[in-house]
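Worksheet: one structure, shown below.
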Amino acid sequence: MTDQRFDPSRADGHWQHAWEDRQVFVADDASERPRCYVLEMFPYPSGRIHIGHVRNYTMGDVLARYKRLTGHEVLHPMGWDAFGMPAENAAIEKGVHPGEWTRSNIANMKAQLKRLGMAFDWSRELATCDPEYYGHEQAMFIDFYEAGLVYRKESAVNWDPVDQTVLANEQVIDGKGWRSGAPVEKRKLSQWFLKITDFAQELLDGLGTLDKWPEKVRVMQENWIGKSTGLQFSFALSNGESLEVYTTRPDTIFGSSFVAVAPDHPVAQAVAASNCDAAKFIEQCKKGGTTAAELETAEKLGFDTGIGAKHPFTGEYLPVYIANFVLMEYGTGAIMAVPGHDQRDFDFATKYGLPIVRVVAPDAAAADAPLSEAEAGDGVLVNSGFLDGMDVASAKQAVIDRAVGEGWGEGRTVWRLRDWGVSRQRYWGAPIPFIHCDACGVVPVPKDQLPVVLPEDVDISIPGNPLVRHPTWKHVDCPKCGAAAVRETDTLDTFVDSSWYFLRFASQPTDRPFDPEVVKKWMPVDQYIGGIEHAILHLLYARFWTRALARIHQLDVKEPFASLFTQGMVTHETYSRREGDREVFFSPDEVDRSGGGAVLVADGAKVDIGPVIKMSKSKKNTVDPDSIIERYGADSVRWFMLSDSPPERDLPWSAAGIEGCWRFVQRLWRLFGQYDASVQGTDQALDRQVHKTIAAVGEDIEALSFNKAVARIYGLTSAAEKAAPSATRSEAIRTILLLVSPMMPHLAEEAWAAMGQDGLIADAAWPKADPALLVDEEVTIAVQVKGKLRDTLTVAKGLPNADLEALALASEKVQRSLDGAEVRKVIVVPDRLVNIVA
RNA sequence: GCCCCUGUGGCGGAAUUGGUAGACGCGCUCGACUCAAAAUCGAGUUUCUUUGAAGUGCCGGUUCGAGUCCGGCCAGGGGUACCA
């Protein structure tokens, strides 16, 4: 075998072609081997893959290759989440058609992924912008409509009054439109919704079955679904009407000092009809965007309607306000406000001089302790009539019981989860397959006319949805009555596209979205890997879509992802500066960071260094891996992605370190060159380490703890390098090759061939650890005095406690440290430590 | 604002899940080889007032023993329903 350097520029391409020619990674639906579906979240084709993608796909690739070696039939597909806003932005900025831009990005990124040696089954590649794909999606949407899971209602959007267009939340910066700079307003539009709330209980219960999901993701989803039980009751109003409110804290009812309704609540609307000031106030509430963060942090504003609401216990009349912080979408759109025990109510009461009453206190003696902020914690009820002395839970129940008994209210379950609004007033998405007819109303497009194809001849340069102003596309005849009608011009949220792609990967018939029989063979996904930023929305929507299909009997799977791994994000500093009203971002390769500060290479002017945050296209803080692959080869890059950082943790990008990986690749190459199957002799210590490493690396890969596997491989490599030639050493070298093969597949194939082994290493078998060699005969015992380490002892494994104690007390260092003090207690942990308490 | 997470040497991190803190790697320093460089190999590398002591963001608690458990803070990040 050669002792020259490993040359990735030659080897990488050679083996990539070998895998492709032999169709090594094409999954066989009919295979009898145990199946394994490994899936990484498919990328948005932004143009170039970035380091975050490389990290994500390397992890999945190592697992997929490992599973093949352990005898599984592996499905490891890749495709493109190809609809979305950046394509429209590129069209505006560069004058390229979104479709053209997207398709050329896909071609680039596919080539980049191939250069990394990813073991994808490219025969199943799909792009969500293909009419073939979104046509099936439109069919499912119509099925959901017919099953009563789709409806239309009014809902608020961010409206840019200058550009006369709907803005995404990301396009609203400091309350202003990103292009026009005009203050954004809320505007109501009639939009399409999916009834995800029908599945709230199911989605919540399902979390209990997902024991291979990270706890934190389940907690986040549980909080997002937000099941609460409380009291819904009605206030009698001074104008003779009544007002339904919902509260999760009925126990604090005696602390209620005002009532508040949402600006779009019927009571508010009624007041505004006869009161200009109220109408003006409601108008004012329309200022600003629609995000929860914006609504929650906005200054609390209210308008006193002059109406009174009669307190059900005290009979007192509480003032009814219209308040900007009350949401029409949650509960009844009206609240009983308790300033003492809800911070929002506290802020509001402080501003408008309303009473702040304590009704929960740490103990009865603190009943009149002043409140400097709302106290939401547990305690005992005070200043609350018949509730005094009760704890919070009993008081809640007592109030609900009274309300039910007296007939003015009842216990109710309320969910924070809202129905999924899927309408987007945008071009680059799947058209919603419906037709508006004056006579027949909303009519689904007949299935034999699907897909409703997006027209290519559109003008993107003007703000707004080009489908609306397209001269011909939207004009059709009503499928029901034949009269002139118009197509729906809203397109589907791109989260719809990503809610079922994993089913299409498993099965791709032409006449329907998937074949449920084939899907059943592969699903659920055995290991799903993606960014933690998708913990709630994407994962919840995909769970919903799967369950919705199951409910209409099109699928026999409820939870799509059996095991989830959320990798940390690859992060990087941002570079920006203000140009006029706008903040302009620059990419790391446009910036010179060498002088301590940051300077733009193009004009030598300073730019601001922003926080270290997730890499994103909009902040331009991405790093292109291509130059690194070119210089060091795919294996060094892959190894680097797996080393050091635990995969669930964020990885702050730095270029330092890749050199070390390159050196290790060469070090392995030299070691593999020393393989000699003819040498005789055994090396017991090395044999033990070989088998321990086999066991540990297998466990580490299964747990996706690649950084630990890497550290163990370093350890075995060092040991093998130092060992004298023996049959054991040759076996160790061959084992190391197999262990690194999922991580460095090109080097592995090259060395495998050079060693004269049969076939591809991609088709080889993972080594088996001998359990007898995994246990040590000697252990090192820590000897502590009063919890401080004083000595260590090397003893036979399994030595009785009394012997350990005697040995520890005999230690000279222990005696010196005890200094004649009386031994009061000795704690012995077998095979681990002795702690002497004096 | 709210929900979730993270915090350990110069850097990425490890720590058998309550039992020897700093494995392994990067970087750096010194040495070997070389006319020289690259590559490679060897040694060292938490801090300090170094026979010892301190030390895992900060303050406190539980324990024979805390990076790990509990309470309270601080800082950074993710999500917050139209970025994907």
Side-chain angles (χ1 to χ4, degrees), chain A residues 5 41 43-44 46 81 83-86 89 157-158 166-172 196 214-217 219-224 226 289-298 325 329 343-344 347 416-426 493-495 498 531-538 540-541 566 568-569 571 611-614 616-618 643-646 648-652 654 656-661 663-664 666-667 670 707-708 710-715 718 721 780-792 816 824-827 829 832-838:
Chain A
R5 290 232 228 166
M41 292 178 183
Y44 179 80
S46 57
D81 189 12
F83 274 136
M85 270 198 335
N89 295 336
V157 294
N158 302 307
V166 177
L167 298 177
N169 288 334
E170 191 192 44
Q171 297 172 318
V172 180
I196 191 172
E215 170 75 13
K216 63 176 170 181
V217 175
V219 169
M220 279 190 264
Q221 292 214 354
E222 186 178 332
N223 291 338
W224 185 261
T290 57
T291 67
E294 206 176 329
L295 296 174
E296 289 278 343
T297 53
F325 67 94
E329 288 79 20
Q343 192 58 41
R344 292 163 301 182
D347 295 343
R416 208 187 76 97
L417 182 68
R418 305 199 301 259
D419 275 335
W420 178 10
V422 293
S423 278
R424 297 292 178 271
Q425 294 71 38
R426 276 184 237 301
D493 179 6
T494 55
F495 275 126
S498 53
I532 183 65
E533 67 269 28
H534 293 293
I536 298 175
L537 293 181
H538 160 60
L540 193 65
Y541 291 145
T566 52
M569 283 162 296
T571 56
V612 179
I613 55 170
K614 79 162 171 168
S616 77
K617 198 160 168 55
S618 61
S643 309
D644 296 352
S645 273
E648 70 279 5
R649 195 100 57 95
D650 286 351
L651 173 67
S654 80
I658 184 78
E659 280 281 350
C661 295
R663 284 201 296 269
F664 185 64
Q666 299 303 339
R667 206 174 130 195
R670 285 191 300 274
N707 57 322
K708 293 190 206 170
V710 164
R712 294 188 201 277
I713 289 169
Y714 275 123
S718 296
E721 283 169 342
T780 307
I781 304 285
V783 182
Q784 300 178 336
V785 176
K786 289 184 280 187
K788 290 208 159 95
L789 185 72
R790 293 299 172 201
D791 201 0
T792 57
R816 201 189 320 148
R824 285 190 296 162
K825 194 174 172 188
V826 178
I827 287 142
V829 181
R832 200 160 307 283
L833 69 68
V834 180
N835 186 13
I836 297 158
V837 186

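Heavy atoms only: backbone and side chains are in, while hydrogens, waters and symmetry mates are out. Sequence lines set the chain letters: A, B, ... in the order given, protein chains first and strands last, and positions in each chain run from 1.
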>> Looking at B/G1, which nucleotide sits across from it as a Watson-Crick or G-U wobble partner, both distances under 3.5 angstrom, or is there none?
In response: B/U80

> Which listed nucleotide (B/C83, B/G7, B/G19) is nearest to the side chain of A/Met85?
Replying inline: B/C83

>> Checking understanding here: a glycosidic angle within 90° of 0 is syn, the rest anti, so what is B/U17?
In response: syn

> Mind checking the P distance from B/A21 to B/A38? Whole angstroms is fine.
Replying inline: 40 Å

>> Can you tell me the base-pairing partner of B/C11? Count Watson-Crick or G-U wobble geometry only, both distances below 3.5 Å, and say none if there is no partner.
In response: B/G25

> Taking the P atom of each, how far is B/C58 from B/A75, in whole Å?
Replying inline: 15 Å

>> Give me the distance, rounded to whole Å, that separates B/G12 from B/A81 when you measure between the C1' atoms they each carry.
In response: 35 Å

>> Base, sugar-phosphate or nothing for A/His538? Non-hydrogen atoms, less than 4.0 Å.
In response: nothing

>> Counting only side-chain heavy atoms from C-beta out, which of B/A84, B/A81, B/A14 sits nearest to A/Asn169?
In response: B/A81

> Reckon A/Gln666 touches a base, only the sugar-phosphate, or nothing at all at heavy-atom distances under 4.0 Å?
Replying inline: nothing

>> Expressed as a whole number of angstroms, how long is the span from A/Asp650:CG to B/G79:P?
In response: 10 Å

>> Considering every strand and a 4.0 Å limit on heavy-atom distances, what is the contact class for A/Trp420: base, sugar-phosphate, or nothing?
In response: nothing

>> Heavy atoms from C-beta onward define the side chain here; which of B/A84, B/A53, B/A54 lies closest to that of A/Asp81?
In response: B/A84

>> Measuring from the side chain of A/Asp644 (C-beta onward, heavy atoms only), which nucleotide among B/A84, B/C64, B/G25 has the closest atom?
In response: B/G25

> When all nucleic acid strands are considered with a 4.0 Å heavy-atom cut-off, which category describes A/Val826: base, sugar-phosphate, or nothing?
Replying inline: nothing

> Between B/A81, B/A21, B/A84, which nucleotide has the shortest distance from any of its atoms to the side chain of A/Leu417?
Replying inline: B/A81

> Expressed as a whole number of Å, how far does the P atom of B/G61 sit from that of B/A14?
Replying inline: 30 Å

> Looking at B/U20, B/G1, B/A15, which one has an atom nearest to any side-chain atom of A/Glu296?
Replying inline: B/G1

> Hey, does A/Thr297 reach any base, or is it just sugar-phosphate, or nothing, if we go heavy atoms under 4.0 Å?
Replying inline: base

> What distance, rounded to whole Å, do you find between the two C1' atoms, one in B/G65 and one in B/G76?
Replying inline: 32 Å

> With a non-hydrogen cut-off below 4.0 angstrom, is A/Thr780 in contact with a base, only sugar-phosphate, or nothing?
Replying inline: base

>> Please classify the nucleic acid contact of A/Gly421 as base, sugar-phosphate, or nothing, using heavy-atom distances under 4.0 Å.
In response: sugar-phosphate

> B/C83 C1' sits how many Å from A/Tyr44 OH, rounded?
Replying inline: 10 Å

> If you pin A/Glu170 and A/Lys825 to their nearest nucleotides in RNA chain B, which one's is more 5'?
Replying inline: A/Lys825

>> Using the side-chain heavy atoms of A/Ser645, tell me which of these nucleotides is nearest: B/A81, B/G13, B/A21.
In response: B/G13

> Between atom CD in A/Gln784 and atom P in B/G19, what is the gap in whole Å?
Replying inline: 11 Å

> For the residue pair A/His534 and A/Phe495, does the interplanar ring angle fall in the parallel (under 30°), tilted (30 to 60°) or perpendicular (over 60°) class?
Replying inline: perpendicular

> Roughly how many Å is it from CE in A/Met569 to C1' in B/G78, rounded to a whole number?
Replying inline: 5 Å

> How long is the line joining CD of A/Glu659 and C1' of B/A39, in whole Å?
Replying inline: 12 Å

>> So does A/Gly568 get a backbone contact from the side chain of A/Asp650, meaning a donor-acceptor N/O pair under 3.5 Å?
In response: no

> Counting N and O atoms only, with roles assigned by atom type, does the side chain of A/Asp419 sit under 3.5 Å from a partner on the main chain of A/Ile196, one being a donor and the other an acceptor?
Replying inline: yes

> Taking A/Asn158 for the side chain and A/Leu167 for the main chain, is one N or O donor matched with an acceptor at less than 3.5 Å?
Replying inline: yes

>> Within 90° of 0 counts as syn, otherwise anti: where does B/U50 fall?
In response: syn

>> Under 4.0 Å, counting only non-hydrogen atoms across every strand here, what does A/Arg663 touch: a base, just sugar-phosphate, or nothing?
In response: sugar-phosphate

>> Considering every strand and a 4.0 Å limit on heavy-atom distances, what is the contact class for A/Ile781: base, sugar-phosphate, or nothing?
In response: nothing

>> I'd like to know if A/Asn223 reaches the base of B/C3 with its side chain, counting only an N/O donor and acceptor under 3.5 Å.
In response: no

> A/Met41 near the nucleic acid: base, sugar-phosphate alone, or nothing, with a heavy-atom cut-off under 4.0 Å?
Replying inline: nothing

> How long is the line joining CG of A/Leu295 and P of B/G1, in whole Å?
Replying inline: 15 Å

> The side chain of A/Asn707 lies closest to which of these nucleotides: B/C64, B/G13, B/U80?
Replying inline: B/G13

>> Looking at A/Arg832 and B/U16, is any side-chain donor or acceptor paired with a base atom of the opposite kind under 3.5 Å?
In response: yes

>> Need the glycosidic conformation of B/G55: syn if within 90° of 0, anti if not. Which one?
In response: anti

> So what does A/Arg824 hit on the nucleic acid, given a heavy-atom distance under 4.0 Å: a base, only sugar-phosphate, or nothing?
Replying inline: nothing

> Which of these nucleotides, B/A15, B/C24, B/A53, is closest to any side-chain atom of A/Arg790?
Replying inline: B/A53

> Going from CD on A/Glu721 to CZ on A/Arg670, what distance comes out if it is rounded to the nearest 0.5 angstrom?
Replying inline: 7.5 Å

>> With a 3.5 Å distance limit and no angle check, can you tell me whether A/Glu294 reaches the backbone of A/Thr291 through a side-chain donor-acceptor pair?
In response: no

> For B/U40, what is the paired nucleotide under Watson-Crick or G-U wobble rules, both distances under 3.5 Å?
Replying inline: B/A32

> Any side-chain heavy atom of A/Trp420 within less than 4.5 Å of one from A/Asp493?
Replying inline: yes

>> Rounded to whole Å, how long is the line connecting atom CE of A/Met220 with atom P of B/U80?
In response: 11 Å

> When the nearest nucleotide of RNA chain B is assigned to A/Asp419 and to A/Ile532 on a heavy-atom basis, which residue is associated with the more 5' position?
Replying inline: A/Ile532

> Looking only at atom C1', what distance separates B/U49 and B/C3, rounded to whole Å?
Replying inline: 48 Å

> In the structure shown, which nucleotide is the Watson-Crick or G-U wobble counterpart of B/A75, with both distances under 3.5 Å?
Replying inline: B/U6

>> With rounding to the closest Å, how many angstrom separate the C1' atoms on B/U56 and B/G7?
In response: 9 Å

>> How many whole angstroms separate atom CZ of A/Arg424 from atom C1' of B/A84?
In response: 12 Å

>> Suppose you measure atom P in B/G22 against the same atom in B/G1; what distance do you get, rounded to whole Å?
In response: 40 Å

>> Less than 4.5 Å apart, side chain to side chain, heavy atoms only: is that true for A/Phe664 and A/Ile713?
In response: yes

>> Return the CE to CD distance between A/Met220 and A/Glu215, rounded to the nearest 0.5 Å.
In response: 10.5 Å

> Heavy atoms under 4.0 Å, any strand shown: does A/Arg816 hit a base, just sugar-phosphate, or nothing?
Replying inline: sugar-phosphate

> Out of B/C24, B/U20, B/C4, which nucleotide sits closest to the side chain of A/Thr792?
Replying inline: B/U20

> When all nucleic acid strands are considered with a 4.0 Å heavy-atom cut-off, which category describes A/Phe664: base, sugar-phosphate, or nothing?
Replying inline: nothing

>> Would you say that A/Phe325 contacts A/Leu295 through its side chain, given a criterion of any heavy-atom pair below 4.5 Å between the two side chains?
In response: no

>> What's A/Gly84 touching, base or sugar-phosphate or nothing? Going by heavy atoms closer than 4.0 Å.
In response: sugar-phosphate

